[in-house]
Every structure is written in structure tokens, then in C-alpha cells.
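Fair warning: this is a prediction, and the values are worked out from it, not measured in the lab. The analysis underlying the following values was restricted to heavy atoms, covering all of them including side chains, and did not include hydrogens, waters or symmetry mates. Just follow the structure's listing: the first ligand is 1, and inside any ligand the first atom is 1.
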Amino acid sequence: MLILYSMIIVLIFSVFSILILNEYKTSQIKNAEIRLFQTANIVADTYKQNRDDIIFASMMLKNYANQADARILILDTNKKVIMDNFYSYVDETIDNKEIRNSLTGQSSSSIYTLEGRDILQISVPITLNRFGDVDIIGVVLISSDLELINENVKVLREHMFKAAISVLLISFLLTVVVTNNLTSPLRKLTLGVERISAGDLGYQIEMKSKDEIGKLIETFNNMSSTLSSIEKNRKNFINSISHELKTPLTSIKVLIESLALGNYQIDTYKEYLEDIYKETERMEKLVNYLMKAIKLEDSVLLLKEENLGCILKDVVSLIKPYANKNKVSISLNNVDRVIVKCDKDKVKEIMFNLIDNAIKYRDKNKKNCYVKISLYKDIDKATLSIEDNGIGIDEENLQDIFKRGFRVLEEPMSNNLAAKGYGIGLAIVKNFIDKHGWHISVDSNLKKGTIFTIDIPLNS
Ligand code: ADP
């Protein structure tokens, strides 16, 4: 990966360097060309005006050639050299493309390579205006060595090469640092996933960064905690169920054993069988309850317009004997008539579970245990609240109570019969509430009590 990054950087830099060097060389040649054309035009004008004074013209030519650091020739229309600042070509005939072009009236330029050196050659026609006609009387030919430009390009290339090496080194170092910063948390994450796969639920990764990877690790840690709490709830749940099944099974076993051993009257057999029947009924109820809890997600609502106030009163009158038995007073403070589309059986179950819990989790140290229930109707919503002065739930556990299998009691198989349960009641309540599109909230204080509030939106 690192090598690939470095190669990409080198490639990009090389392409840029070549483009910049080419651009630089082209612009330098263009500038030289412009300069030489200016000189050629001045030479052409000077020659035109002083062609009678050939010595002055030749001196001027030498001057301009020195200034431009170039060789300047003046040729006549027969391509014969009339003037040369180095004198060596005088009276010789030169024929090339530039001269031929200029003799037709055009300026021209080309680059030649002579003995390994680049030479820029430009030519301009020398023209005379005679009675409105333009006569070509000769050509100015200038040759200039491009070696200086090539030298500059070479120096620039060397600088760029040094810069490229520095950039490569810096980028290499940066890539090493950045890649390490990236891969180190990823390695930690991989280790975390491995630990979780190996069953170490709840494993937490130490997290420092607040960037995207930091968020990913935070999500991982949350997931790990959730998995751990689900596993804890599952174990609690299985514990409670096993215990709950074990009691009737043991009773049945003992009853059958004594029946098998003893030689009883038929009435005693009947009595024993009745006990066995009751125990199996208890197990059946439990299994049905479990199946319902498992199939929770699949349950479908049968919606009809119902009066919530009536349903509430029915549930309260059903549960009252149980509350009286446990010395808990139930009061219906206010019951408005609330007509709403709902599934009557499911609503009954919601109310039953909440009131049952309020009684079940009463504070036995208090003299007056109570459950206060009310149903208020507002303009756009109705509010059902169930308040108790029971043992309450501490803040730490409050957010988990709607989770399936969750129980606050450390010892789920407590001998306290009243507080028995499987941690499913509130999960059922929440599921039904959500399916109705209602909202449930809970407020609780340890040793003070709990209040569950259900908000029911009213459409009309
Ligand atoms: P279960 O009652 O079978 O344990 P629930 O899902 O009904 O299961 O309740 C989950 C947990 O929430 C209970 O174990 C209990 O600790 C706590 N809880 C629920 N309702 C109350 C309440 N009214 N007062 C105190 N604790 C409650």
C-alpha cells in the first residue's frame, strides 16, 4: 500500500515536472523569437535607410548582433550574403526555407540542430515602398544559439528533481504516520471483534480520538455492552423459567412416587391426580406465556373503537381482589371517557401488567401501600398514569426495564413469591404501546415509588 502511494506521488510529480519544464522552455523560446524578430525589423529598417552608406550600415549591424548575442546576415533577392557581422559568409549564396519565405514577403522562424546545439533562426523581408508598390529588396536572417535556454531548463530540471526527492521523502513519512494512525485503531477494533466472537461480551476498546474511527469504536463499545446486557438478561430469564418449571415438576414427581408406592383409597388417588392436574395447568400457563413473549413481534392488532375508561374500570375490578390480598389500595382518581381505536385485549394486558407490577413491587416496609390510577382526556391526547409508592427503580436500571428478560432484582428466584417474574411483562407492554403508536415513559425514585405514563394521541 505504502509503495503504491509513493509510486502515485512520484508519477503525479513527474507528469507535473515534465509539463512545467516544457511550458518553461516553450515560453523562453517564444520570448527569444519575439526579441529576434524585433531586432530583425530594426536591422531591416536601418539597412533600408542606410544602404548607400554600407560602412555605417555594417557598423549598425555589428552593434545589433552584439546586443542580441546573435549572428545577423543581410541577403539580397538572389540569396547572396551582402552583410555578415562575422564577415565569413559575405558573397556566398544561402538557400533555406526561412530565406525563401521572406523573399515572398513573410517573416519566418525555425529551430535547427547544428553539431548537437539548438539554433533558432528567424528571417524578415526588407521591403521598400515605391509609388504605392511594396518591393522586396532583401532578407535579414538572424541565428541565435539556444544553449542558454537549454542550460536554464537543465538547472530548473535539477531543482525540480531535488524538490521531487524531498516531496517523496516527506510524503513517505507522512504516509507512514497517517497509515499507522489509521491502522492502529483498526487493529484494536479487529482484536475487539475477535474477543467478542470468542464470547468475551462486554469487551471495551480504549478510545482516544473523536474522529470517525473514534465514533466507530464508541459504537463498537456500545454494541459490546448491549450484547453483554442481553446475555445477562437471557441467563436471568432462563434461570427464572427453569426454576419456575422445576417446582411443579418436582411436586408432580413426588405425587406420582407416593401414588406408586402407596396403596390408597380411590378418593386419595383422585385428590393426588387433581394436584398433578393443577401443577400441569400451572406449567401450561407458563409455557403459553413464554410462547406469547417469543412471538411478540408477530402479534397483530385487531383495532376497534373502544372506550378506554371502561376497559380500565374492568381491569381494575378484576385485579382488586389480588390488591386487597396484598394490602395494597387501588384508587381510580379520574376516568375520562376516551374513545380511541385500539386492540381491547392488548390494552387490557398493558393495564394489567402495569397495575400487577405496581402491586408486586410494593414496599413491604410501608404501612399504606397504594396504586393511584387516572385517565385524563385533553384536546389532542389522553394520558393514562399508574402511580405507586413501592420499592422504586434506581436510575441506573431505569433505561433497561423495557428490555426482554430484564429484572432489577439481583436474585430472580427470590423466595418472595410476590416479586416473581421473568422480566417480560414490560417488554410486552412496550411492544403493544409501540404497535398502537402510543408513548410510554417512566419516572421512579428508589424507595419512593414509580409512575408509568402512557400518552395516547387522539386523532379527532
Ligand atoms: P417482571 O415483573 O416479570 O420481572 P417486567 O418486565 O414486568 O418483569 O419488569 C421488569 C423489571 O422492572 C422488574 O423486574 C422490576 O424490577 C422493575 N419494575 C417494573 N415495574 C415496577 C414497579 N412498579 N416498581 C418497581 N419496579 C418495577
Side-chain angles (χ1 to χ4, degrees), residues 229-230 232-245 247 282 285-297 299 312 315-316 319 322-323 326-331 333 346-366 368-374 384-435 440-454:
S229 91
I230 289 174
K232 200 173 132 211
N233 292 344
R234 193 182 64 88
K235 279 187 185 153
N236 268 348
F237 182 60
I238 292 173
N239 251 347
S240 326
I241 301 299
S242 321
H243 188 264
E244 198 70 357
L245 283 172
T247 318
R282 202 171 131 192
K285 260 191 198 164
L286 173 63
V287 171
N288 283 342
Y289 184 69
L290 287 180
M291 281 170 70
K292 191 162 89 186
I294 289 163
K295 287 183 187 159
L296 210 55
E297 273 73 29
S299 60
L312 183 62
V315 172
V316 170
I319 211 163
Y322 169 67
N326 288 293
K327 299 190 182 70
V328 177
S329 68
I330 292 196
S331 56
N333 293 345
K346 307 256 178 338
V347 170
K348 269 187 175 174
E349 199 150 346
I350 294 171
M351 293 170 174
F352 189 85
N353 269 321
L354 292 175
I355 301 170
D356 179 55
N357 274 351
I359 299 167
K360 197 160 70 169
Y361 298 108
R362 66 191 176 279
D363 190 343
K364 285 175 190 151
N365 299 320
K366 286 179 189 161
N368 301 316
C369 295
Y370 64 76
V371 181
K372 289 177 184 169
I373 305 164
S374 63
L384 169 66
S385 67
I386 295 152
E387 184 188 346
D388 65 61
N389 65 341
I391 56 172
I393 309 161
D394 65 24
E395 223 181 307
E396 194 190 318
N397 291 317
L398 212 52
Q399 67 208 31
D400 291 327
I401 57 165
F402 293 108
K403 289 181 185 162
R404 215 180 296 192
F406 179 84
R407 304 207 73 220
V408 174
L409 300 170
E410 291 293 273
E411 178 54 77
M413 294 154 299
S414 146
N415 286 330
N416 174 9
L417 271 174
K420 277 198 163 189
Y422 318 107
I424 288 179
L426 287 184
I428 295 177
V429 168
K430 179 83 168 71
N431 183 281
F432 290 168
I433 294 265
D434 288 347
K435 282 202 167 120
I440 185 163
S441 57
V442 55
D443 194 7
S444 188
N445 272 315
L446 215 53
K447 293 190 182 148
K448 284 194 177 144
T450 307
I451 176 162
F452 283 91
T453 311
I454 301 173

Problem - Side chains of K435 and N431, donor plus acceptor under 3.5 Å - result: yes
Practice task
For K360, counting its heavy atoms only, list the atoms of ligand 1 lying under 4.0 Å from any of them.
Solution key: 1 (P), 2 (O), 3 (O)
Problem - Set of salt bridge (charged side-chain N to carboxylate O under 4.0 Å, His left out) partners for D363, sequence neighbours left out - result: K366
Exercise for the section: Nearest 0.5 Å please: distance from the CD1 atom of I391 over to the CG atom of L446. Expected result: 8.0 Å
Fill in the blank from the handout: At under 4.0 Å between heavy atoms, what of T450 touches ligand 1? The answer is side chain
Practice task
Determine whether any heavy atom of I424 lies closer than 4.0 Å to an atom of ligand 1.
Solution key: yes
Exercise for the section: To the nearest 0.5 angstrom, please state how far the CG atom of N357 sits from the CD1 atom of I393. Expected result: 8.5 Å
Exercise for the section: Using distance alone, determine whether I393 and ligand 1 share an N or O pair under 3.5 Å. Expected result: no
